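Below is one structure; the comments refer to it alone.
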Amino acid sequence: QVQLVESGGGSVQAGGSLRLSCATSGYSGRFNRMSWFRQSPGGEREGVAGIYLGSGNTFYADSAKGRFTISQDNAENTVYLQMTGLKPEDTAMYYCAARTEAGGGTWSDNAIYTYWGPGTRVIVSS
């Protein structure tokens, strides 16, 4: 059974940094694509950053560019999201998502992902 588990969330002041981790288990191959999404209270789930695990190509939402960095650790089958310059509007539940198949839609389309973690909460205070 494939499982994704996020960690690293917490409460920080504006301008601070956090590093989120997404550990995977139960899948012996390599995921094709993994991404980070977030959802604030009353808001829709939106893509933050994505990575193609084969090529290492990365993608970012405009709100994340220049502040967030997605990376992978192939040995540990883990994906990270380094977040710097955090703003109150970054406050949300952050989710990790994974897809095993190639192709599909754009990285930020949450419908293309098969596996999801339970989320980790990020709170940024002003």
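Atoms considered below: every heavy atom in the structure, side chains included; atoms not considered: hydrogens, waters and symmetry mates. It should be emphasised that the depicted structure is a prediction, and the values quoted were computed from it without experimental measurement.
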Query raised in the report: Within the distance-only criterion (no hydrogens, no angle test), does the side chain of R67 pair as donor or acceptor with the backbone N or O of G85 below 3.5 angstrom?
Result: yes
**Report entry** Any side-chain heavy-atom pair of L20 and Y80 under 4.5 Å
**Finding:** no
Query - Contact check, side chains of T69 and Y60, non-hydrogen atoms, under 4.5 Å - result: yes
Query - Any V79 side-chain heavy atom under 4.5 Å of I70 side chain - result: yes
Query raised in the report: So how far is it from S35 OG to I112 CD1, rounded to the nearest 0.5 Å?
Result: 7.0 Å
Query raised in the report: Any side-chain heavy atom of T78 sitting closer than 4.5 Å to one from T24?
Result: no
**Report entry** Linked, directly or transitively: Y52 and F68 (ILVMFWY side chains, under 4.5 Å)
**Finding:** no
Query raised in the report: To the nearest 0.5 Å, how far apart are OG in S11 and CZ in R121?
Result: 9.5 Å
Query raised in the report: Should the pair K65-D62 be classified as a salt bridge under the 4.0 Å nitrogen-to-oxygen rule?
Result: yes
Query raised in the report: In terms of the angle between their ring planes, are W116 and F37 parallel, tilted or perpendicular, with boundaries placed at 30° and 60°?
Result: tilted
Query - Heavy-atom side-chain contact between L53 and M34 under 4.5 Å - result: yes
Requested in this report: May I ask you to check whether over 12 heavy atoms, not counting those of E89, lie within 6.0 Å of atom CD?
Outcome: yes
**Report entry** Side-chain (D90) to main-chain (K87) donor-acceptor, under 3.5 angstrom
**Finding:** yes
Report task. Evaluate the side-chain proximity of E101 to T114: yes if any heavy-atom separation is below 4.5 Å, no if none is. Result -> yes
Query raised in the report: Which value, rounded to the nearest 0.5 Å, describes the distance between R38 atom CZ and E44 atom CD?
Result: 13.5 Å
Query raised in the report: In terms of hydrophobic clustering (I, L, V, M, F, W, Y; side-chain heavy atoms under 4.5 Å; direct or indirect links), are M83 and I51 co-clustered?
Result: yes
Report summary line: Of all heavy-atom pairs linking S126 and A14, the shortest is CA-CB, 4.3 Å
Query raised in the report: So how far is it from W36 CH2 to Y94 OH, rounded to the nearest 0.5 Å?
Result: 10.0 Å
**Report entry** Chi angles and distances behind the side-chain contact (heavy atoms from CB on, under 4.5 Å) call for T91, V122
**Finding:** CA-CA 5 Å; T91 295; V122 172; 5.8 Å; no
Requested in this report: Under the side-chain contact (heavy atoms from CB on, under 4.5 Å) rule, collect the residues that match up with S7, sequence neighbours excluded.
Outcome: S21
**Report entry** Distance in Å, R99 CZ paired with Y113 OH, rounded so as to fall on 0.5 Å steps
**Finding:** 8.0 Å
Requested in this report: Classify the angle between the aromatic ring planes of W107 and F59 as parallel (below 30°), tilted (30 to 60°) or perpendicular (above 60°).
Outcome: parallel
Query raised in the report: Just by distance, do the side chain of E6 and the backbone of C96 share a donor-acceptor pair under 3.5 Å?
Result: yes
Requested in this report: Calculate, to the nearest 0.5 Å, the distance between atoms OG1 and OH belonging to T100 and Y27 respectively.
Outcome: 4.5 Å
Requested in this report: Any pair with a residue in residues 9-29 that passes salt bridge (Lys or Arg N to Asp or Glu O under 4.0 Å), sequence neighbours left out, goes on the list, sorted by first then second residue, please.
Outcome: none
Report task. Identify the heavy atoms of P118 and V5 that sit nearest to each other, and give their distance. Result -> CD-CA, 4.4 Å
